[in-house]
Amino acid sequence: MACRKAVKAVLIDLSGTLHIEDTAVPGAQDALQRLRKAAVAVKFVTNTTKESKKNLLNRLQRLNFNVQEQEIFTSLSAARSLLVQKQHRPLLLVEDSALEDFSGIDTSEPNAVVVGLAPDHFNYQTLNKAFRMILSGAPLIAIHKARYYKRTDGLALGPGPFVTGLEYATDCKATVVGKPESTFFTQALSDVGCGPDEAVMIGDDARDDVGGAQNVGMLGILVRTGKYREGDENKINPPPHLTCNSFPDAVEHILMNLL
């Protein structure tokens, strides 16, 4: 740690780290307020694709989190940027509650397949349509490839298994835009104006949150809430900088040791 710079930015995962659906992690609001009093920038980075940024912000504010819209960077934002850049017309496999973040994107006569978390649309007919489009040359874009996530009723399949199924059937490789892709983290860091060696990531996903962040040179703190399962810290190399019980413990470590 002696050769690292003091932390200037903290990237924070949302679902599973600060809250699980409409329930906040105990003590998370107060811990966030403590962190905001320190001389660090805060950015919320999420792979959540089941709701728009506006809906997500409303949820967080209902849970009494002090969060502003411009502080949230989502994989939906990254996907939209790619669609605009490539001038793709997407078949959007996302929940209706997330479509707001693609407002203004031309979806007529689609020539690209975009997959997020879409339980209401993951049926044979829709996936077969995507399969045929990809076979005909349409690119496959995965908003992210998370294996699963945590709901109040337990773990649930993420979009990763469906993306992987389309990859397998079409013998192609998806372009992934969310965590753990390095461009996702570097874009989030550019928003707060600091480099990876000045930043730390807090999340409940060892691979996507912690592993992805550490691959670009950040420190990663894994929390034992949300989707965390015993032994997850052993699934990545190098292991997390720290594994702790919850977001408040992670904040305490940052305030005491990394500033």
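Side-chain atoms are counted along with the backbone in the values below, which use heavy atoms only and exclude waters and symmetry mates.
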May I ask you to test the [X]-[Y] pair for a side-chain heavy-atom distance under 4.5 Å?
X    : Y    : result
F73  : V45  : yes
N66  : Q61  : no
P248 : D30  : no
I254 : V200 : yes
P240 : I236 : yes
F162 : L93  : no
V10  : I202 : yes
H19  : V25  : no

Would you say the side-chain atoms of [X] pair up with the backbone N or O of [Y], donor to acceptor, closer than 3.5 Å?
X    : Y    : result
T186 : T183 : yes
H88  : P90  : no
E167 : A174 : yes
T126 : F122 : no
S97  : K50  : yes
Q214 : G211 : no
S75  : N47  : yes
D232 : Y228 : no

Is [Y] paired with [X] through a side-chain N to carboxylate O contact shorter than 4.0 Å?
X    : Y    : value
R34  : E252 : yes
K43  : E71  : no
D204 : K150 : no

Exercise. For I105 and L92, what are the C-alpha separation, side-chain angles and deciding distance, and is it a side chain to side chain contact (heavy atoms under 4.5 Å, CB included)?
Worked result: CA-CA 10 Å; I105 297 289; L92 291 170; 5.7 Å; no

What closest approach, in Å, do [X] and [Y] show between heavy atoms, and which atom pair accounts for it?
X    : Y    : value
A146 : P161 : O-CD, 3.8 Å
G203 : D209 : CA-OD2, 3.4 Å
L189 : G195 : CD1-C, 4.2 Å
T225 : T17  : OG1-CA, 4.2 Å
K145 : T164 : CE-OG1, 3.8 Å
V176 : E181 : O-CG, 3.1 Å

Hey, any chance [X] and [Y] share a hydrophobic cluster, counting ILVMFWY side chains that come within less than 4.5 Å of each other, even indirectly?
X    : Y    : result
V163 : L117 : no
V7   : F247 : yes
L63  : F44  : yes
V223 : L18  : yes
V42  : L258 : yes

Exercise. With a cut-off of under 6.0 Å to the ring centre and 45° to the axis, is K227 in cation-pi contact with Y148?
Worked result: yes

Exercise. Which residue pairs satisfy the salt bridge (Lys or Arg N to Asp or Glu O under 4.0 Å) criterion with at least one member in residues 72-96, sequence neighbours excluded?
Worked result: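 Listed by first then second residue: nothing to list.
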
Gap between atom [atom2] of [Y] and atom [atom1] of [X] - 0.5 Å precision:
X    : Y    : atom1 : atom2 : answer
D197 : K8   : CG    : NZ    : 9.0 Å
I143 : F184 : CD1   : CZ    : 11.5 Å
I134 : L140 : CD1   : CG    : 4.0 Å
S15  : E51  : OG    : CD    : 8.5 Å
E198 : L219 : CD    : CG    : 11.5 Å
L166 : D171 : CG    : CG    : 13.0 Å

Problem set entry | Stepwise side chain to side chain contact (heavy atoms under 4.5 Å, CB included) test for D191 and Q70 | CA-CA 10 Å; D191 288 347; Q70 66 271 17; over 6 Å; no

[atom1]/[X]: more than 12 non-hydrogen atoms of other groups inside 6.0 Å:
X    : atom1 : result
Q87  : CD    : no
K54  : NZ    : no
R36  : CZ    : yes
D153 : CG    : yes

Exercise. Are a donor atom and an acceptor atom from the side chains of T243 and E233 found within less than 3.5 Å of each other?
Worked result: no

Exercise. Will you find, in the side chains of S77 and T74, an N or O donor that is under 3.5 Å from an N or O acceptor?
Worked result: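 The answer is yes; a qualifying pair exists.
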
Exercise. Hey, mind stepping through L222 and L242 against side chain to side chain contact (heavy atoms under 4.5 Å, CB included) and telling me if it holds?
Worked result: CA-CA 6 Å; L222 180 65; L242 176 71; over 6 Å; no

For this session: In sequence, state the C-alpha distance, the side-chain angles, and the governing distance for N128 and Q125, and then conclude on side chain to side chain contact (heavy atoms under 4.5 Å, CB included).
Result: CA-CA 5 Å; N128 200 48; Q125 289 75 17; 5.9 Å; no

Problem set entry | Test side chain to side chain donor-acceptor pair (under 3.5 Å) applied to R224 - qualifying residues, sequence neighbours left out | N245

